[in-house]
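The structure appears below as structure tokens.
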Amino acid sequence: FTINALSGFLLFTVRPVSYWENPAFEVKLALLVVSGLNALFFIVFEHRRLVAMPEGQAVPVLAKISAGGSLFMWFAIIFCGRMIAFELSG
């Protein structure tokens, strides 16, 4: 994560105004914030419950929703990252 964050920051510093005005960049940042909140929710509310569960018991619905949301958001973040290049070159 640290390497990705550092490289993203370095890319941003090259043309900050161009990135900041890019709709794909704005969506990507919003998704990163929501993804971080989702991870915080999982750690605070679901992780302890999952660790304490006996083996073979069904995973709670909120943990499944959090995991599915995380997968969706990371695919969307990657997609938005790819769209940033198309917006800047167009």
Side-chain angles (χ1 to χ4, degrees):
F1 174 79
T2 304
I3 293 171
N4 287 336
L6 180 61
S7 65
F9 177 74
L10 290 174
L11 285 171
F12 175 76
T13 59
V14 174
R15 296 190 315 193
V17 174
S18 298
Y19 281 108
W20 197 253
E21 295 174 347
N22 188 324
F25 181 75
E26 293 174 5
V27 172
K28 181 178 179 176
L29 285 183
L31 285 169
L32 280 168
V33 168
V34 173
S35 181
L37 291 173
N38 180 49
L40 181 65
F41 166 81
F42 180 82
I43 291 168
V44 170
F45 295 107
E46 295 298 314
H47 185 259
R48 279 182 268 153
R49 191 166 21 156
L50 288 172
V51 170
M53 282 177 39
E55 193 172 319
Q57 186 176 354
V59 176
V61 173
L62 284 178
K64 289 180 181 181
I65 291 171
S66 181
S70 182
L71 280 173
F72 171 77
M73 284 183 274
W74 282 109
F75 280 117
I77 288 167
I78 292 168
F79 178 78
C80 287
R82 295 297 303 142
M83 291 299 103
I84 290 170
F86 290 113
E87 290 286 327
L88 290 176
S89 65

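The model shown is predicted, which means the values in this text are computed figures rather than measured ones. Only this structure's heavy atoms are used, side chains among them; waters, hydrogens and symmetry mates stay out.
Pairs of residues two or more places apart, or lying in two chains, that qualify as side-chain hydrogen bond (donor to acceptor under 3.5 Å, both in side chains) and include a residue from residues 53-73 are N38-S66. Pairs passing the ring-ring contact (aromatic ring centres under 6.0 Å, His included) check and including a residue from residues 31-56, sequence neighbours excluded, read F41-F45.
Residues I43 and W74 fall into different hydrophobic clusters, defined by Ile, Leu, Val, Met, Phe, Trp and Tyr side chains chained together at heavy-atom separations under 4.5 Å.
Separating the OG atom in S35 from the CG atom in L71 is a distance of 10.0 Å, to the nearest 0.5 Å. Rounded to the nearest 0.5 Å, atoms CZ (F72) and CD1 (I65) are 14.5 Å apart. Taking CZ from F75 and CD1 from I77, the interatomic distance works out to 11.5 Å, rounded to the nearest 0.5 Å. To the nearest 0.5 Å, atom SG of residue C80 and atom CD1 of residue I84 are 7.0 Å apart. Atoms CZ and NZ, on R82 and K28 in that order, are 10.5 Å from each other to the nearest 0.5 Å.
Within the 4.5 Å cutoff, the side chain of M53 has heavy atoms near those of the P60 side chain.
F12 CZ: more than 12 foreign heavy atoms inside a 6.0 Å radius.
For L29, the side chain to side chain contact (heavy atoms under 4.5 Å, CB included) partners two or more places apart in sequence, or in a different chain, are W20, F25, L32.
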